[in-house]
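Below is one structure, written out as structure tokens, with a few remarks after it.
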Amino acid sequence: MLSALTLAAALCGMLLSFTIDSGARSRATLSQILIFASLAGFVATVALRPASGRTEAVGASRAAVSDSAKRACNFSNVAANAQALQSLTELRDYLKAPEKYVRYGARMPKGVLLYGPPGTGKTLLARALAGEAGVPFFALSGSDFVEKYVGVGAGRVRELFKKARKAGKCVIFIDEIDALGKRRDENASDERDQTLNALLSEMSGFYTGDGVIVIAATNRIDALDPALLRPGRFDRHIEVGLPGRAERLSILKLHSENKPLDEDVSLEALAAETVSFSGASLESLLNEAALLAAARGNGNICKADIQTAFYKTVAGADREITATPQERLVIAVHEAGHALVSHLLSPENRLSRVSILPAGHGAAGYNLCVPAERVMVGRKHMQSQICVLLAGRAAEQLTFGEEELTAGASSDISRATELAASMVTELGMAGEPAVSLKALNRACGGVTGAAERCKALLDGLYGRTLQLLSEQQGALTALSQALLESESLDGAMAEAIIDAHLSNDRREPA
Ligand code: ADP
Ligand code: ZN
Ligand code: MG
């Protein structure tokens with residue numbers, strides 16, 4: 001269930017297909033691409049960039065620092081996340097007057113777990129709670145506790161709680177708690193066990209009257225040791241999810257309060273474009289735009305700044321073309337293939353840009369689609385997505401022949417394979433609809449045939465993609481020629497070129 005959810009997040013993410021530089025740089029690029037492919041969605045990579053306001057590392061000897069020196073922060077710095085804020089308001093009231101709760105014999109949660117994708121404001125919420133309640137904030141990251149030598153991490157936990165106790169009422173924040181609280185059956189380690197036990201016993205040492213709240217954050221609640229989630233420990237769980245369209249608008253409004261925007265900038269339109277962006281990515285987008293405007297030095301932040309910042313945030317900055325003319329042709333054909341199949345099979349995903357300019361993450365060119373906002377991902381949609389991913393390679397094969405295939409499709413192929421694998425092993429979408437081979441494998445061991453099924457699924461979908469492209473070779477050629485000429489086309493223009501060259505207007509319903 002959970003990984004199906006992450007999968008849904010990945011699919012709802014910006015659909016980017018890359019062509020990778022081949023040749024001299026390929027080794028560096030390939031390793032980057034592996035990193036990229038192993039992440040859930042592209043936007044996740046953006047949100048993971050360290051620049052976007054991570055928890056401050058803790059000072060000397062890694063003992064926790066209180067937040068007094070930092071910019072004051074309270075609930076007004078948080079947009080969206082209404083539900084989380086409501087829960088936290090209750091905790092604020094408690095922090096302000098713990099005695100009241102003692103009088104009624106009410107037990108407040110000692111531990112609160114914030115969980116959700118990176119960049120959704122978990123750290124921000126914890127800090128805002130401390131700010132609202134006017135109590136010190138102690139922050140440490142789970143990875144700071146994980147040490148090679150047994151006992152060091154546990155010592156650090158005790159040190160942290162000792163400091164916090166001295167402060168009286170406070171909020172203790174432990175980021176990335178999964179680093180020390182992983183399920184113990186996976187890779188057991190003495191050191192981590194001791195650290196975890198130290199944390200649990202410190203937490204049980206508090207009383208409701210103390211006014212101490214421990215907040216932990218993770219983006220992998222499924223990986224946590226159940227011992228952490230038991231009553232009396234982190235027993236209140238607050239989900240901090242990716243913002244929907246209205247929430248994105250309120251985050252954009254909040255972060256543009258101090259930025260002079262031109263009249264032609266529509267935050268409503270931007271909120272609609274930024275499907276699956278986290279709060280951190282939205283903030284970083286506006287900041288990029290502000291940097292561009294500041295560098296120019298005259299006038300406000302205009303629509304073009306926002307547009308450039310948008311592409312930069314999702315795909316990295318454009319770079320100069322260094323490819324040879326023949327390579328450019330290959331890249332153009334490859335990208336045209338993605339765009340064409342996406343337009344035919346998933347017209348609900350709006351093409352935003354098709355480009356053969358090199359961009360971030362070693363991309364030699366890319367397609368950017370703004371996906372339709374959706375909650376559920378269906379089988380047809382996943383199949384279409386695999387076809388779109390495979391279309392770059394199929395276009396190359398069709399145009400230049402099998403001998404001339406390039407490494408440019410490596411990330412496409414591995415993402416398609418991962419999607420196919422989850423259809424086969426987790427979602428029951430290829431074979432028995434009621435069986436999760438993964439769960440079966442865990443329960444009974446040694447299920448065979450998954451790899452074969454996965455290959456058959458991919459072969460079938462690749463065949464379908466080749467067929468589709470060969471029927472529409474006119475459109476493929478026209479689009480790649482147009483890309484060669486103008487290097488980057490906005491989505492509407494690309495779609496118009498495709499539509500003008502479609503033979504017998506064969507469109508499959510999505
Ligand atoms: P997380 O801890 O979930 O990874 P952070 O709290 O570090 O995310 O968020 C990083 C930055 O993104 C924040 O400092 C803030 O500028 C911005 N941000 C994220 N979510 C929100 C939100 N709901 N409202 C306002 N700003 C947000
Ligand atoms: Zn590709
Ligand atoms: Mg954080």
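Order of appearance sets the numbers: ligands from 1, and atoms from 1 within every ligand. Only a predicted model underlies this, so the values are computations on that prediction, with no experimental measurement involved.
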Contact flag D412/the Zn ion (ligand 2), N/O/S atoms, threshold under 2.8 Å: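 So D412 does bind the Zn ion (ligand 2) by this criterion.
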Taking only heavy atoms of [X], which atoms of ligand 1 are found under 4.0 Å from at least one of them?
| X | value |
| --- | --- |
| N77 | 25 (C) |
| N81 | 23 (N) |
| P118 | 4 (O) |
| L254 | 25 (C) |

Atom name of the N, O or S atom in H338 that lies nearest to the Zn ion (ligand 2):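 Going by distance to the Zn ion (ligand 2), the closest N, O or S atom in H338 is NE2.
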Donor-acceptor side-chain pairing of H334 and E396 below 3.5 angstrom: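 Per modelled atom types, H334 and E396 side chains form a pair under 3.5 Å.
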With heavy atoms under 4.0 Å as the rule, classify the contact between [X] and ligand 1 as side chain, backbone, both or neither.
| X | answer |
| --- | --- |
| T123 | both |
| I251 | side chain |
| E283 | side chain |
| H255 | side chain |

Parallel, tilted or perpendicular: rings of F173 and F137 (30°, 60°):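 Correct class here is parallel.
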Shortest reach to atom 17 (C) of ligand 1 by a heavy atom, considering only P117, A82, G279: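 Among P117, A82, G279, the closest heavy atom to atom 17 (C) of ligand 1 comes from G279.
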From the candidates G116, A217, G119, the one that places a heavy atom nearest atom 1 (P) of ligand 1: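 Selected option, by shortest heavy-atom distance: G119.
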Ring pair (Phe, Tyr, Trp, His ring centres under 6.0 Å) against F161, all qualifying residues, sequence neighbours excluded: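 For F161 the ring pair (Phe, Tyr, Trp, His ring centres under 6.0 Å) partners, ignoring immediate neighbours, are F206.
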Full working for side chain to side chain contact (heavy atoms under 4.5 Å, CB included) between D490 and R353: CA-CA 4 Å; D490 75 34; R353 195 187 193 206; 5.5 Å; no
A79, any N or O under 3.5 Å of ligand 1 N or O: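 Min N/O separation from ligand 1 is below 3.5 Å for A79.
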Any N/O pair G121/ligand 1 closer than 3.5 Å: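 Yes: some nitrogen or oxygen of G121 is under 3.5 Å from one in ligand 1.
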Listed partners of L461 passing side chain to side chain contact (heavy atoms under 4.5 Å, CB included), at least two apart: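 If we apply the side chain to side chain contact (heavy atoms under 4.5 Å, CB included) test to L461, skipping adjacent residues, the hits are Q383, I386, C387, L457, R464.
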Option from L270, L252, T313 for which side chain to side chain contact (heavy atoms under 4.5 Å, CB included) with F277 holds: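 Exactly one option meets the side chain to side chain contact (heavy atoms under 4.5 Å, CB included) with F277, and it is T313.
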Sub-4.5 Å side-chain heavy-atom contact between F75 and L88: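 A side-chain contact exists here, since the closest heavy-atom pair is under 4.5 Å.
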Test log, rule side chain to side chain contact (heavy atoms under 4.5 Å, CB included), inputs K122 and Y115: CA-CA 7 Å; K122 297 181 292 295; Y115 66 96; 5.6 Å; no
Side-chain donor or acceptor of H338 paired with backbone N/O of V388 under 3.5 Å: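 Indeed, once roles are kept as given, a pair shorter than 3.5 Å links the two residues.
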